[in-house]
Novice: 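So that we are looking at the same thing, I have put the structure below in structure tokens.
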Amino acid sequence: MSAPEATSSGRMLVISGPSGCGKSTLCKRLLEDDRVEFSISATTRPMREGETDGREYHFLDADRFRERVEAGDFVEWAEVHGNLYGTLRAPLDRAVADGKIFLIEIDVQGALQLKALEVEGLYVFISPPSAEVLRARLEGRATDSQPVIERRLKKAADEMLEAHRYDATILNDNLDRAFAELQGLVGLSNGCPQGEAR
Ligand code: 5GP
């Protein structure tokens, strides 16, 4: 089966949306396809339980992070919730050259920064169904304190206003439906090497 047009050459895929919109779950599913490679960002935030350096993030101290900023190692970087996060340039260039979809899961600020820098790619905004659902998801995952959750909810409301600046918006009201829409958008619905319609 021939590969769909969109996957015939490497490209960057930016997935973003408010904290708790479900973008991580969608990204995890997309990564079951070996044509997709995950961008591992660098961050100065402390490692959470269950995380491994080099898997979820490259964990750096602030001095080392700043050195890498100075060295021009980042395509973009930003302060998010008081910590620094950045997308590394070298893995992006390598994956695109290898014909892969380089998946960047990033906050809205970072995505819009990439867009402003005219970094070529497909920019997809994941929208939560409602503020209530977003609150329930953030409280349910129990990784953040209540003040952090309140801060993220306020930020989410602002971020929703930026959705129109993306190439596409996917409403994550139902995970399977949202995933199917994402697959179609990226051009991975057909010829998936690990099976169809997961
Ligand atoms: P967390 O610490 O919960 O993993 O992520 C916090 C926020 O940082 C999320 O909204 C996430 O999308 C964002 N983030 C992760 N990596 C990057 C990055 O490389 N650049 C930017 N600008 N934001 C990032």
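Both backbone and side-chain heavy atoms feed into the values below; hydrogens, waters and symmetry mates do not. In listed order, ligands and their atoms are each counted from 1. Model, not experiment: these values are computed from the prediction.
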Novice: Considering residues, nucleotides and ligands other than R177, do more than 12 of their heavy atoms fall under 6.0 Å from its CZ?
Specialist: yes
Novice: Just jot down the side chain to side chain contact (heavy atoms under 4.5 Å, CB included) partners of R89, sequence neighbours excluded, or say none.
Specialist: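 For R89 the side chain to side chain contact (heavy atoms under 4.5 Å, CB included) partners, ignoring immediate neighbours, are V75, D93.
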Novice: State which residues pass side-chain hydrogen bond (donor to acceptor under 3.5 Å, both in side chains) with E139; sequence neighbours excluded, sorted by chain then number.
Specialist: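 Checked E139 against side-chain hydrogen bond (donor to acceptor under 3.5 Å, both in side chains); matches are R135, Q146.
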Novice: Please list, chain by chain and in numerical order, all residues satisfying side chain to side chain contact (heavy atoms under 4.5 Å, CB included) with S127, sequence neighbours excluded.
Specialist: F125, M160, T169, L171
Novice: Can you work out which protein residues put a heavy atom within less than 4.0 Å of ligand 1?
Specialist: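 Within 4.0 Å of ligand 1, the protein residues are K23, S41, R45, R48, Y57, E76, A78, V80, Y85, G86, T87, I106, D107, G110, R152.
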Novice: Do Y85 and Y57 make the cut of ring centroids closer than 6.0 angstrom?
Specialist: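 Judged by ring-centre distance (under 6.0 Å), Y85 and Y57 do meet the cut-off.
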Novice: Looking at V124, V108, I126, which one forms a side-chain contact (heavy atoms from CB on, under 4.5 Å) with Y166?
Specialist: V108
